[in-house]
Amino acid sequence: MSSPTHTADNFIEEIIVEDLANGKHGGRIHTRFPPEPNGYLHIGHAKAIVINFETARKFGGRTNLRMDDTNPSTEETLFVENIQSDIRWLGYEWEGETRYASDYFEELYQLALKLIDKGLAYVDESTAAEIEAQKGDIGVPGKNSPFRDRSAEENRDLFTRMRAGEFPDGSRVLRAKIDMAHPNLLLRDPVLYRIKHEAHHRTGEDWCIYPLYDFAHGQSDSIEGITHSLCSLEFRHHRDLYNWLIEALEIFPSRQIEFARMNVDYFITSKRKLKMLIEEGLVTGWDDPRMSTIAGLRRKGYPAEAIRNFCMHTGVTRRDSQQTLDLLEFNVREVLNRDADRYMAVLDPVKLVITNYPEDQTEWLETENNPEDASHGTRQLPFGREIYVEREDYRKEPQNRKYYRLAPDKDVRLKSAYIIHCDGHEEDAEGKVTQINCTYYPDSRSGEDTSGVKAKGTLHWVSASAAVDLEVRMYQPLFTDPTPMDHEDRDFIEFLNPDSLTMITAKGEPALQGAAVGESFQFLRQGYFTVDPDSTPARPVFNLTVGLKSSFRG
RNA sequence: AGACCCAUGGUGUAAUUGGCAACACAACAGAUUUUGGUUCUGUCGUUCAAGGUUCGAGUCCUUGUGGGUCUACCA
């Protein structure tokens with residue numbers, strides 16, 4: 001193993017490169033991803049996951065997965081399982097077993113005792129309201145609690161009895177003894193432990209006191225020997241407390257580094273708001289393809305690789321960022337263009353009859369599965385006298401000379417089949433086209449075209465007799481505003497997009513019927529689609545992942 | 001009100017740590033194309049402002065301006 005000199009791609013890596021150069025922690029790099037198991041992971045978590053795992057990987061380090069489960073009221077094992085599978089789906093495997101902050105409850109308790117013995121923590125009998133009042137205000141110093149100067153012995157006794165369950169919820173807390181006039185409000189004697197007579201999803205009834213974030217997170221980092229504890233910017237103020245506790249407790253000095261969390265246009269990532277969307281029935285669940293959750297994006301057909309690339313391409317900074325959907329979709333198309341096989345499906349079908357083609361004849365035509373990759377091979381397509389084409393591909397009268405789709409007297413190529421000449425259409429009383437009539441050039445067959453006819457346009461089509469019905473769910477962003485949360489005067493719910501989901505029945509080529517759940521395809525000239533879990537062989541269901549780019553005007 | 005953080009093209013990130021501002025996305029134009037997709041080529045910028053240090057500042061200093069975070073027994 002050589003020790004390559006890595007170049008730093010962002011400010012976190014700069015710190016690491018410097019630490020490595022200084023031989024800090026013997027060159028060991030250890031990060032962690034610490035979700036609270038009270039909801040599903042979303043695109044913002046994906047960013048944090050990618051940063052933690054990729055940073056460690058780059059420097060030959062490791063990454064732990066730790067459930068930050070210090071609040072028994074909100075956490076569930078169900079979420080733990082989903083978090084694990086989402087991370088694995090994204091393509092990452094953590095070091096060893098999944099860790100839990102709750103595994104350290106006894107150790108944390110001992111650390112609290114140590115703090116008490118050092119005279120740096122005290123049991124406070126003030127009410128929550130009183131503690132809030134003592135806190136002071138921004139720019140206004142707080143006041144000491146009347147219980148602040150108890151002896152270490154008394155505090156130890158009280159804290160031990162808190163643990164033993166002698167006191168009711170809310171009657172007492174353990175507080176760090178720091179400085180009630182500190183400019184950082186978090187250091188004004190923060191609460192470290194609270195009493196909660198509640199069962200925990202892992203420790204059951206073992207505990208009735210639970211540590212708060214500030215007395216669990218950093219300590220868990222130290223216990224696990226985390227060298228670089230990467231978190232989002234809103235924890236900046238907690239770093240002062242994080243470091244104060246490291247010094248007071250004399251524990252392994254993990255270093256907290258904050259980066260800006262990522263926002264993406266048209267997505268919201270507030271767990272509470274996401275939960276509300278589900279409870280109100282505005283989406284179908286955590287994995288609704290319109291959700292910002294990993295589960296939702298997966299169901300929508302976003303490849304893990306695309307999400308990873310997106311997270312890496314957007315960089316790591318200390319500056320609030322609002323990413324465009326364009327960039328996310330670019331990354332999705334980039335992967336799918338390379339990997340997805342091309343199939344034909346007509347989303348808004350209209351019948352087209354090739355009047356000079358023999359009735360009852362079916363011809364099998366060869367077509368390539370993926371023009372980007374010949375190794376994907378070819379398949380056979382049934383072709384016949386009656387086919388479906390896209391209603392949008394026909395114009396009664398073309399509006400400009402750059403139009404090269406179907407219109408009376410126009411020639412177009414049917415993908416992998418023949419060139420046809422359009423003779424006209426039939427319509428109903430309202431003027432709606434009910435059938436398009438064409439003739440074909442028998443010597444223009446794809447691959448052996450000797451017709452000499454030039455057709456500028458190429459259309460996708462499906463044999464009418466062989467077509468299968470597909471339920472296709474067309475998605476648009478859930479909101480009509482890119483930042484629905486950023487309106488002080490309006491609730492984000494007002495920006496819900498009424499057209500975020502449209503169900504249509506499309507006509508697909510028969511091979512689509514056997515597609516497996518999760519498999520992605522390009523529906524030629526339309527976009528990328530993936531098979532939804534609701535799909536059955538009798539009723540295939542596809543989700544629109546993302547449309548193809550198009551420079552077509554008109 | 002105090003403390004802390006941030007400021008580069010329409011968007012997001014770079015700039016060998018003071019040395020002629022780069023990459024990607026988007027947009028626009030053109031070439032190729034049996035997907036109006038893909039691919040390829042081209043076009044679009046003096047770094048929030050004002051001072052200062054310096055031969056030289058996006059980078060350092062000062063003062064502003066604008067934005068963000070913080071007063072849960074949540075994480």
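Fair warning: this is a prediction, and the values are worked out from it, not measured in the lab. Throughout, a chain's letter reflects where its sequence line sits, starting with A, and its residues are numbered from 1.
- A:Pro371 comes within 4.0 angstrom of a nucleotide base, judged by non-hydrogen atoms across all strands.
- Between A:Arg194 and the phosphate of B:rC74, there is a side-chain N or O to OP1/OP2 separation shorter than 4.0 Å.
- Atom CH2 of A:Trp207 and atom C1' of B:rC73 are 17 Å apart (whole Å).
- Salt bridge status for A:Glu363 with A:Arg445: present, with a side-chain N to carboxylate O gap under 4.0 Å.
- Here the two rings, on A:His217 and A:Tyr213, have centers that are under 6.0 Å apart.
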Original post:
So what does the secondary structure string of RNA chain B come out as, 5' to 3', with Watson-Crick or wobble pairs under 3.5 angstrom, [ ] for crossing and | for pairs with another strand?
Top reply: .((((((..((((.....[..)))).(((((.......)))))....(((((..]....))))))))))).....

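- Distance check on atom P: B:rA21 versus B:rC44 gives 15 Å, rounded to whole Å.
- Side-chain N/O atoms of A:Arg333 and base N/O atoms of B:rG37 include no donor-acceptor pair closer than 3.5 Å.
- Judged by distance alone with a 3.5 Å cut-off, no donor-acceptor contact links the side chain of A:Gln526 to the base of B:rG37.
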Subject >> Pair A:Thr74-A:Glu36, side-chain hydrogen bond (donor to acceptor under 3.5 Å, both in side chains): steps then yes or no >> reply: CA-CA 9 Å; A:Thr74 56; A:Glu36 182 188 12; 3.3 Å; yes

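- Across the protein-nucleic acid pair, A:Asp449 atom CG and B:rU34 atom C1' stand 10 Å apart, rounded to whole Å.
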**OP:** Report the C-alpha distance between A:Gln134 and A:Arg148 in whole Å, list the side-chain angles of each, state the deciding distance to 0.1 Å, and finish with yes or no for side-chain hydrogen bond (donor to acceptor under 3.5 Å, both in side chains).
**Re:** CA-CA 12 Å; A:Gln134 290 161 16; A:Arg148 196 172 199 263; over 6 Å; no

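- A donor and an acceptor atom never sit less than 3.5 Å apart when one is taken from the side chain of A:Arg236 and the other from the base of B:rU69.
- Using a 4.0 Å heavy-atom distance criterion, A:Thr70 is classed as a sugar-phosphate-only contact.
- At B:rU33, none of the side-chain N or O atoms of A:Thr458 fall inside 4.0 Å of OP1 or OP2 (strictly under the cut-off).
- One can place CZ of A:Phe310 at 11 Å from C1' of B:rU11, the figure rounded to the nearest angstrom.
- The base of B:rU69 sits with one of its N or O atoms less than 3.5 Å from a complementary donor or acceptor on the side chain of A:His237.
- Counting distance only, with no hydrogens placed and no angle test, the side-chain atoms of A:Thr317 and the base atoms of B:rU13 include no donor-acceptor pair under 3.5 Å.
- Ring orientation note: the planes of A:Tyr403 and A:Phe552 are tilted relative to one another, at an angle of 30° to 60°.
- Checked by distance alone, A:Asp137 brings a side-chain donor or acceptor within 3.5 Å of a matching partner on the base of B:rU71.
- Note: CH2 (A:Trp461) to P (B:rU34) measures 18 Å, nearest angstrom.
- Residue A:Ser446 is in base contact, counting any heavy-atom pair closer than 4.0 Å across all strands shown.
- Across B:rG36, B:rA75, B:rG37, the shortest atom-to-atom separation from the side chain of A:Tyr404 is found for B:rG36.
- A:Lys402 comes within 4.0 angstrom of a base, heavy atoms only.
- Electrostatic pairing of A:Glu392 and A:Arg405 counts as a salt bridge here, judged by a charged N lying under 4.0 Å from a carboxylate O.
- One finds a side-chain N or O of A:Arg318 lying less than 4.0 angstrom from the OP1 or OP2 phosphate oxygen of B:rC6.
- A salt bridge links A:Arg261 to A:Glu234: one of the charged nitrogens lies within less than 4.0 Å of a carboxylate oxygen.
- In terms of polar N and O atoms assigned as donor or acceptor, the side chain of A:Gln522 comes within less than 3.5 Å of the base of B:rU35 in a complementary pairing.
- Contact annotation: A:Lys456 does not reach the phosphate of B:rU34 (side-chain N/O to OP1 or OP2, under 4.0 Å).
- Among the nucleotides B:rA1, B:rU35, B:rC25, the one closest to any side-chain atom of A:Ile138 is B:rA1.
- Considering only the side chain of A:Tyr213, B:rA75 comes nearest among B:rA75, B:rU71, B:rU13.
- Comparing atom distances between the A:Glu372 side chain and each of B:rA75, B:rG36, B:rG37 picks out B:rG37 as nearest.
- Between B:rU71 and A:Lys143, no contact under 4.0 Å exists linking OP1 or OP2 to a side-chain N or O.
- Look at A:Arg202 and A:Asp69 and you find no salt bridge, because none of the NZ, NE, NH1 or NH2 atoms lies under 4.0 Å from a carboxylate O.
- Of the candidates B:rA75, B:rU35, B:rU71, B:rU71 carries the atom nearest the A:Lys135 side chain, counting heavy atoms from C-beta on.
- The distance between atom CE of A:Met262 and atom P of B:rG68, rounded to the nearest whole Å, is 20 Å.
- Residue contacts for A:Leu327: at a heavy-atom cut-off of 4.0 Å it reaches the sugar-phosphate backbone alone, with no base atom in range.
- The nucleotide whose nearest atom lies closest to any side-chain atom of A:Leu524 is, among B:rU38, B:rU35, B:rC70, B:rU35.
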Atom pairs under 3.5 Å, N or O on each side, protein against nucleotides 15-17 of chain B: can you list them with distances?
| unit_1 | atom_1 | unit_2 | atom_2 | d |
| --- | --- | --- | --- | --- |
| B:rU17 | O4 | A:Glu14 | OE2 | 3.4 |

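- Rounded to whole angstrom, the span from the CD atom of A:Glu258 across to the C1' atom of B:rA75 amounts to 15 Å.
- B:rA75 atom P lies 21 Å from atom CZ of A:Arg239, rounded to whole Å.
- Under a 3.5 Å cut-off, the side chain of A:Asp68 and the backbone N or O of A:Pro35 do not form any donor-acceptor pair.
- Ion pairing between a basic and an acidic side chain is recognised when a charged N comes within 4.0 Å of a carboxylate O; A:Glu125 and A:Arg150 show such pairing.
- Using a 4.0 Å cut-off, some side-chain N or O of A:Ser551 falls inside it from OP1 or OP2 of B:rG37.
- Residue A:Leu233 contributes atom CG, which lies 15 Å from atom P of B:rC4 at whole-angstrom precision.
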Original post:
A:Leu328 and A:Tyr302: side-chain contact (heavy atoms from CB on, under 4.5 Å), yes or no, with the steps?
Top reply: CA-CA 9 Å; A:Leu328 212 205; A:Tyr302 282 16; 3.6 Å; yes

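- Using atom C1' as the reference point in both B:rG42 and B:rU53, the two lie 42 Å apart (nearest Å).
- No donor-acceptor contact under 3.5 Å links the side chain of A:Arg525 to the base of B:rU35.
- Contact check on A:Glu224 versus A:Arg32 returns no salt bridge, with no Lys/Arg side-chain nitrogen under 4.0 Å from an Asp/Glu carboxylate oxygen.
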